[in-house]
There are 2 protein chains.
Amino acid sequence: MATGWQEIHDEALRRIQSRDWPPGALIPNEAALAREFGCARATVNRALQGLAKAGWLERRRRAGTRVTLSPQRRGQLAIPLIRHEIESKGQIFSHAIITRQTAEMPSPQRAALGLQGAPYAQHVQTLYLADARPFAFEDRWVNLAAAPDFATAPLDRISPNEWLVQNAPFAHGTLDYSAAPANTAGPHLNCQPDTPLMILERRTFGPDAPVTHVRLSYAPNFHLHLKI
Amino acid sequence: MATGWQEIHDEALRRIQSRDWPPGALIPNEAALAREFGCARATVNRALQGLAKAGWLERRRRAGTRVTLSPQRRGQLAIPLIRHEIESKGQIFSHAIITRQTAEMPSPQRAALGLQGAPYAQHVQTLYLADARPFAFEDRWVNLAAAPDFATAPLDRISPNEWLVQNAPFAHGTLDYSAAPANTAGPHLNCQPDTPLMILERRTFGPDAPVTHVRLSYAPNFHLHLKI
DNA sequence: GATTCAAATATGTCTATACATAAACAAAAT
DNA sequence: ATTTTGTTTATGTATAGACATATTTGAATC
């Protein structure tokens with residue numbers, strides 16, 4: 001008899017996907033399932049909670065558990081360091097600092113980060129390469145109030161991205177993918193200014209203050225892959 | 001005293017993010033934390049398992065639990081039905097079938113779905129609209145062997161996407177976002193053929209057979225948003 | 001008829017205990 | 001020196017029982 005919560009999880013998922021338990025249907029309650037599988041209610045609970053978190057089930061106290069009507073899939077999008085993304089494909093990672101200077105953060109970035117006043121910031125443009133070929137062009141503003149050490153960080157060996165991941169406390173952030181013409185990133189990525197590129201705009205916040213705003217232009221043919 | 005597993009989860013996350021528990025560090029074992037928080041070990045376990053699943057901790061039997069060195073963030077990317085995506089912004093959703101015909105599935109789609117031979121399929125082009133303005137253009141091939149009823153499904157009220165979600169059993173699939181020129185989708189989306197667009201290529205598989213291949217061209221200014 | 005209140009019920013969670021399992025470590029055998 | 005074997009330890013998971021909490025349902029009251 002299958003008693004592991006994983007097995008119950010898998011069997012329940014099979015019933016959902018095969019429509020033994022059709023969308024919208026109320027499934028047997030935990031006690032009944034525990035009896036059926038010959039295990040404790042807590043074990044069923046563990047399995048069903050996982051399915052609920054993954055969006056397959058909707059559970060409400062007293063009302064019971066039902067199969068989600070139109071399951072809104074959630075893709076697990078892994079957001080690796082660019083270095084890992086490149087190295088995982090067996091390519092050699094490198095990066096080159098194009099420009100680096102301290103200045104007042106311009107208005108668009110300030111607005112995106114919700115910063116008041118005219119905070120000091122460092123502006124860094126970096127080219128990331130895979131096997132010495134351009135992979136992505138990064139335009140980054142770092143709020144020096146939130147990460148003062150960044151001003152003097154040695155960015156020749158370790159990339160700005162990785163330095164911040166390792167040295168700045170992280171609380172939350174947003175990602176925003178869109179499509180846009182290469183424009184000024186074109187020359188760095190060996191493509192025309194009108195070439196369509198994937199753009200990633202990223203805002204990162206520490207526990208107390210916004211840390212950095214990044215606009216990343218991926219080289220042509222980049223694609224974002226998810227399994228669901 | 002905080003005894004809920006959520007509270008322990010949050011406190012542990014705070015310690016990780018504030019670097020009380022720095023990257024790579026071994027954290028106290030479950031028994032010690034249970035003592036500290038005044039709860040049972042199972043409660044600590046519940047909290048830490050969540051953090052491990054979210055990528056903050058790495059746990060190995062006997063070796064203990066340590067903070068992930070360079071936490072690879074996983075964004076939860078919600079993949080809503082287009083209808084929900086539009087309606088959640090308070091806009092009116094509608095769709096229009098542009099073309100619909102049964103034919104042999106062409107080679108690229110066949111390859112993408114891993115289909116042998118020359119399976120019968122239905123080809124549907126659909127325009128999705130938000131407040132009567134083009135939102136996305138869909139080019140879809142449906143494997144009729146996997147979803148025979150689709151051939152006669154009434155697609156005037158319910159969109160192809162939604163019909164399949166509700167009527168075809170689902171097992172797994174892949175998503176692939178990229179940037180490309182609008183090309184032939186341009187006229188439908190009121191933009192030039194060279195306008196950069198976000199493209200979503202989606203493959204969906206049932207329990208037994210591939211179901212559908214979709215190429216979705218989003219109108220300009222579409223962006224994919226994630227919080228982490 | 002409308003409102004309030006009290007059961008009944010399904011899930012949410014904690015506890016204490018037990019055993020399983022993987023891995024690190026050390027001791028013993030080859 | 002190398003391999004094998006056993007011990008220890010931390011996590012993984014199951015269990016029964018208990019209580020908490022949300023919600024439905026229906027009865028009692030206004």
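Throughout, a chain's letter reflects where its sequence line sits, starting with A, and its residues are numbered from 1.
Between the CZ atom of Arg66(B) and the P atom of dA24(C) there is a distance of 10 Å, given to the nearest Å. The CD1 atom of Ile8(B) sits 13 Å away from the C1' atom of dT15(C) (whole-angstrom rounding). Summarising the geometry, the separation between CG on Leu33(B) and P on dA10(D) is reported as 12 Å, rounded to the nearest angstrom. Nucleotide dT21(D) holds its P atom 14 Å from the CD atom of Gln6(B), rounded to whole Å. For the pair Glu30(B) CD and dT17(C) C1', the computed distance is 15 Å after rounding to whole Å. Atom-to-atom, NE2 of His9(A) to P of dA14(D) comes out at 13 Å; the value is rounded to the nearest Å. The distance from atom CG of Leu26(B) to atom C1' of dT11(D) is 12 Å, rounded to the nearest whole Å. To the nearest angstrom, P of dT13(D) lies 12 Å from CD of Glu7(A).
Contact annotation: Arg46(B) side-chain N/O to dG12(C) OP1/OP2 distance is not under 4.0 Å. Contact between the side-chain N/O atoms of Gln49(A) and the OP1/OP2 oxygens of dT13(C) is found at a separation under 4.0 Å. Look at Thr65(A) and you won't find any side-chain N or O under 4.0 angstrom from OP1 or OP2 of dA10(C). The phosphate of dT11(D) has neither OP1 nor OP2 within less than 4.0 Å of any side-chain N or O from Asn45(B). In terms of phosphate contacts, Thr43(A) brings a side-chain nitrogen or oxygen within less than 4.0 Å of OP1 or OP2 of dT15(D). OP1 or OP2 of dG12(D) sits under 4.0 Å from a side-chain N or O of Arg59(B).
For the 3.5 Å distance criterion, the side chains of Gln49(B) and Asn45(B) qualify, holding a donor opposite an acceptor.
Between Ala40(B) and Arg41(A), the residue anchored nearer the 5' end of DNA chain C, judged by the nucleotide with its closest heavy atom, is Arg41(A). Between Ala42(B) and Asn29(B), the residue anchored closer to the 5' end of DNA chain D is Asn29(B), taking for each the nucleotide with the nearest heavy atom.
A side chain to side chain contact (heavy atoms under 4.5 Å, CB included) with Val214(A) is found for exactly one of Glu201(A), Gln109(A), Arg140(A), Arg203(A), namely Arg140(A).
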Close N or O pairs between protein and nucleotides 3-8 of chain D (under 3.5 Å):
{"unit_1": "dT8(D)", "atom_1": "O2", "unit_2": "Arg62(B)", "atom_2": "NH1", "d": "3.2"}

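Ring centroids of Trp141(B) and His123(B) are separated by less than 6.0 Å, placing the two rings close together.
Between Tyr218(B) and Phe222(B), the angle of the ring planes stays under 30°, which puts this pair in the parallel group of the 30/60° scheme.
The base of dT23(D) lies outside donor-acceptor range of the side chain of Arg61(A), with no N or O pair under 3.5 Å.
No cation-pi contact links Arg133(B) to Tyr128(B), judged by a cut-off of 6.0 Å to the six-membered ring centre and 45° from its axis.
Nearest heavy-atom pair, Ser217(A) versus Ile199(A), reported as atom, atom and distance to 0.1 Å: OG-CD1, 3.6 Å. The two residues Pro119(A) and Arg110(A) make their nearest non-hydrogen contact at CD-CD, 3.6 Å.
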